[in-house]
Amino acid sequence: MVYAYIQDVPIGEELYRRIIEELGPEPLDGSLLHLCVRRADGGLRYIDVWESEAHCARAFDERIHPAVDTAFAGHRPGEPVVEHLDVVHATGTLIDQSM
């Protein structure tokens with residue numbers, strides 16, 4: 001079954017774009033969907049769906065955290081709280097129906 005979460009991050013669009021630039025154009029292995037939306041307070045919210053929690057963890061270790069560290073010039077603040085979602089059903093063109 002897929003792994004999904006919501007994460008509110010206290011950064012603006014400019015820093016977010018630097019992180020995305022550091023990640024590069026190659027897709028993250030196992031990432032099915034990443035949405036970044038603006039919150040009313042000006043911060044951002046990520047909504048992510050992954051093939052599995054293992055894919056997500058590997059992407060954070062290998063690509064996401066290094067990109068964030070570079071964007072923050074090595075002074076990354078603590079990790080934002082992650083709200084894990086209890087996925088009951090997932091469907092759509094990005095979801096392999098055999099999962």
(request) Please list, chain by chain and in numerical order, all residues satisfying side-chain contact (heavy atoms from CB on, under 4.5 Å) with R45, sequence neighbours excluded. (result) I6, D8, V37, R39, I47
(message) Applying side-chain contact (heavy atoms from CB on, under 4.5 Å), can you list everything that pairs with V82, at least two apart in sequence or on another chain?
(response)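 Once residues adjacent in sequence are excluded, the partners of V82 under the side-chain contact (heavy atoms from CB on, under 4.5 Å) criterion are Y5, Q7, H84.
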(message) Looking at E79, I'd like to know if its CD atom is crowded, meaning that more than 12 non-hydrogen atoms belonging to other residues, nucleotides or ligands lie closer than 6.0 Å.
(response)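 Yes.
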(message) Using every non-hydrogen atom in the two residues, find where S52 and Y3 come nearest and quote the distance to one decimal.
(response) C-CB, 3.6 Å
(message) If I compare all heavy atoms of A71 with all of E22, which pair ends up nearest, and what's the gap?
(response) N-CG, 4.4 Å
Table please: side-chain donor-acceptor pairs of residues 28-35 below 3.5 Å, with sequence neighbours left out.
{"residue": "H34", "atom": "ND1", "partner": "D48", "partner atom": "OD1", "Å": "3.1"}
{"residue": "H34", "atom": "ND1", "partner": "D48", "partner atom": "OD2", "Å": "2.9"}
{"residue": "H34", "atom": "NE2", "partner": "Y16", "partner atom": "OH", "Å": "2.9"}

(request) Could you walk me through whether R58 and H55 pass the side chain to side chain contact (heavy atoms under 4.5 Å, CB included) test, one step at a time? (result) CA-CA 5 Å; R58 188 168 41 256; H55 279 96; 3.5 Å; yes
(message) Run I19 and I11 through side chain to side chain contact (heavy atoms under 4.5 Å, CB included) and show every step you take.
(response) CA-CA 11 Å; I19 294 168; I11 65 172; 4.0 Å; yes
(message) Please list all pairs meeting salt bridge (Lys or Arg N to Asp or Glu O under 4.0 Å) that have one or both residues in residues 61-74, counting only residues at least two apart or in different chains.
(response) D69-R76
(request) Please identify each residue that fulfils salt bridge (Lys or Arg N to Asp or Glu O under 4.0 Å) with R38, with sequence neighbours left out. (result)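 Partners of R38 by the salt bridge (Lys or Arg N to Asp or Glu O under 4.0 Å) criterion, ordered by chain and then number, come out as E13.
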